[in-house]
Number of protein chains: 2
Amino acid sequence: MKSPKEFNSLSKRQKNMLVYMEDYVTLHGYPPTIREIGEATGINSTSVVNYNLNKLVDAGFLERSDRVSRGMRLIKALPNRDKKSASKTIQFTEAAVRVQLYGQIVAGQPLPVYNDINAQDSIEVTPFMLGHVDTTDAFALRVKGDSMIDALIADGDIVILRKQETANNGDMVAVWLPERGETTLKYFYRDGERIRLQPANPQFVPIEVSAAQCEVQGKVLSVIRPAR
Amino acid sequence: MKSPKEFNSLSKRQKNMLVYMEDYVTLHGYPPTIREIGEATGINSTSVVNYNLNKLVDAGFLERSDRVSRGMRLIKALPNRDKKSASKTIQFTEAAVRVQLYGQIVAGQPLPVYNDINAQDSIEVTPFMLGHVDTTDAFALRVKGDSMIDALIADGDIVILRKQETANNGDMVAVWLPERGETTLKYFYRDGERIRLQPANPQFVPIEVSAAQCEVQGKVLSVIRPAR
DNA sequence: ATTATAAGTGAACATCCGTTCGTCGTCAAA
DNA sequence: TTTGACGACGAACGGATGTTCACTTATAAT
């Protein structure tokens, strides 16, 4: 990321691209493709559009998602444009979900099971934080201690999980490692019979275990670090 | 059969799809793909997603563009969902708060100020996450990149802040460090004229700066790592 | 029970679309 | 003149993505 620039310091092409993108999003509700941008601004090559899009990222006007169709969004207002109809924010008023807050997650033992807790503690969350999946078996745990720090989870954080015993690649899961006698939160990647458990913090090294030595206890839906 | 319907007459899947789409757009700035919708809502076949998307078009909630990736947009706000919606969902005991979601935090520049961003996105949070303080000037930022990793904050996390220029000992604050030309999130401790900025991750060392070289931009109320 | 309709599945397909690479022209600095 | 940075071109590649179809399952009406 380089230094942000002013709109006027951009090339004519780049200005046109920005304006076109803003109009396109307003009109369609989703961003244009590289080829559409090129067509609209008189650029014959997709790579040139790509090149200038990256320039706009450097200039601080744009954010892109790698290898994602239409994966871009404007992050800075353009000057001198009346966007009267721009903010068509559609607000869903969602119902809250009350999630049971079970005890603590500690490194030295598996997750608690459902019925062994009578703690009536619960917190309210929005469906946004549950990933919009079926939430009937979601629950929450408060993290005690710094043992999850390699998962970027601190003491006092609240982890919202869904009980399940399998996982897909890329899921963050709570796993019980019988060999080590500890519970941990890691990203899950299966490679045949080996399972790689990748910490969220890239400064830590992954753990590799056999499938038999890796009991998935739940999938992490989200993490909350509450106001203190 | 193409008559507009009420939100509650939709199937559970279709409701989940709608809500997922809205949050996805809020988070990414562009709509999801058919496959992403399926993954998020537990639908194994793209054709079923396609099928239900067309149902949502018939019901008047959605517009689609033929053969266009991510070619969809929400065109109808949802009425309040009432409490007879089954499952565990309940009404908020306190009012939900809709917090503006401004652009992004980047290490290389100060927090954006209110009026230089066209903020049209917002997320719903519970008062629990705002620390039950006055929420009129709370706002949210999406974290881009791993530059906040020493604050235990990852790429994609959402930070909820309150605009303020002072801080008390122990607060987590967003500070602009003019000497370094970067914004960072740290715990704030004042020691006379020196200010110690302590990372949330104890493995990182604190920064010490003079009060003049430390511009507090806001206090961090909470951090959300949304479901992905 | 039978039938009709809606909903879901899994696979195949064609195309869309972002990425990459070698090449070229321009312009300013050395 | 040479060099290098910048902008641009066009083609090719491969993965992403919407569409379609034959088939199955679930639900409800007759």
Side-chain angles (χ1 to χ4, degrees), chain A residues 2-3 5 8-18 20-21 24-25 28-59 61-74 132-134 168-170 189, chain B residues 1-3 5-6 8-18 20-21 24-25 28-74 86 228:
Chain A
K2 302 180 182 167
S3 55
K5 293 184 182 177
N8 284 328
S9 72
L10 300 174
S11 75
K12 185 90 194 290
R13 271 195 171 173
Q14 290 164 358
K15 290 177 189 172
N16 284 340
M17 287 169 61
L18 281 179
Y20 172 70
M21 287 169 55
Y24 189 104
V25 171
H28 296 89
Y30 47 85
T33 66
I34 284 185
R35 283 174 177 79
E36 286 171 329
I37 296 173
E39 212 168 305
T41 56
I43 300 177
N44 294 318
S45 174
T46 57
S47 62
V48 177
V49 178
N50 186 55
Y51 173 85
N52 284 291
L53 283 179
N54 288 331
K55 288 293 172 191
L56 290 172
V57 171
D58 291 344
F61 284 90
L62 200 63
E63 204 174 301
R64 297 188 73 186
S65 309
D66 249 23
R67 284 158 222 274
V68 167
S69 66
R70 306 170 193 276
M72 62 191 79
R73 58 192 153 271
L74 294 165
H132 308 290
V133 294
D134 182 28
N168 296 322
N169 282 343
Y189 294 97
Chain B
M1 174 65 62
K2 290 182 190 272
S3 57
K5 293 182 180 178
E6 290 305 311
N8 283 326
S9 72
L10 300 174
S11 74
K12 177 124 191 259
R13 275 195 167 173
Q14 290 162 359
K15 291 178 189 173
N16 285 341
M17 286 170 60
L18 278 180
Y20 171 71
M21 287 169 52
Y24 188 104
V25 171
H28 296 90
Y30 46 86
T33 66
I34 284 185
R35 283 174 178 79
E36 286 171 329
I37 295 173
E39 216 168 296
T41 56
I43 300 176
N44 295 317
S45 175
T46 57
S47 61
V48 177
V49 178
N50 187 52
Y51 174 85
N52 283 293
L53 283 178
N54 289 332
K55 288 292 173 192
L56 290 173
V57 171
D58 291 345
F61 286 90
L62 200 64
E63 267 177 30
R64 297 188 72 188
S65 310
D66 249 24
R67 284 159 219 274
V68 167
S69 65
R70 307 170 194 273
M72 62 192 77
R73 61 195 153 274
L74 297 164
R228 300 174 210 259

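First the proteins, then the strands, lettered A, B, ... as listed; each starts at 1.
Here D:dG10 presents its P atom at 16 Å from CD1 of A:I34, a figure rounded to the nearest Å. Distance CD1 (A:I37) to P (D:dA8): 14 Å, rounded to an integer number of Å. Atom CG of B:N54 and atom P of D:dT19 are 8 Å apart (whole Å). At whole-Å resolution of the value, CG in A:N52 and P in D:dC9 are 10 Å apart. Between A:Y30 atom OH and C:dC16 atom C1' the separation is 13 Å, expressed in whole Å. Rounded to whole Å, atom P of D:dT17 lies 18 Å from atom CG of B:D66. Distance CG (B:L53) to C1' (D:dT19): 12 Å, rounded to an integer number of Å. The nearest whole Å value for the distance from the CZ atom in B:R35 to the P atom in D:dT20 is 14 Å.
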* To do: Output, in order, the C-alpha distance, side-chain angles, deciding distance and verdict of side chain to side chain contact (heavy atoms under 4.5 Å, CB included) for B:I43 and B:M17.
  => CA-CA 10 Å; B:I43 300 176; B:M17 286 170 60; 4.2 Å; yes
* To do: Given side chain to side chain contact (heavy atoms under 4.5 Å, CB included), test A:L53 with A:I37 step by step and report yes or no.
  => CA-CA 10 Å; A:L53 283 179; A:I37 296 173; 4.2 Å; yes
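One distance of note links CD1 of B:I34 with CG of B:N50; it measures 4.5 Å at 0.5 Å rounding.
Of the candidates D:dG18, D:dC9, C:dA11, D:dC9 carries the atom nearest the A:I43 side chain, counting heavy atoms from C-beta on. Proximity note for A:S47 (side chain, C-beta onward) versus D:dT19, D:dC9, C:dG10: the nearest is D:dC9. When the nucleotides C:dG8, C:dC21, C:dG18 are ranked by their closest atom to the side chain of A:R70, C:dG18 comes out on top. Side chain of B:Y51, nearest nucleotide from C:dG8, D:dT20, C:dT19: C:dG8. Here the nucleotide nearest the side chain of B:S69, chosen from C:dC17, D:dT19, D:dA8, is C:dC17. Of the candidates D:dC9, D:dT19, C:dA6, the closest approach to any side-chain atom of B:R67 belongs to D:dT19. Among the nucleotides D:dA8, D:dG10, D:dA12, the one closest to the side chain of A:R13 is D:dA8.
A close approach under 4.0 Å does not occur between any side-chain nitrogen or oxygen of A:N50 and OP1 or OP2 of C:dC17. Distances shorter than 4.0 Å separate none of the side-chain N or O atoms of A:K55 from OP1 or OP2 on D:dC6.
Heavy atoms of A:N44 sit under 4.0 angstrom from primed sugar atoms or phosphate atoms, though from no base atom.
The two atoms that bring B:P31 and B:M72 nearest to each other are CG-O, 3.4 Å, heavy atoms only.
In the model, A:R13 has no side-chain atom that pairs as donor or acceptor with a side-chain atom of A:T41 under 3.5 Å.
The base of D:dT19 sits with one of its N or O atoms less than 3.5 Å from a complementary donor or acceptor on the side chain of B:T46.
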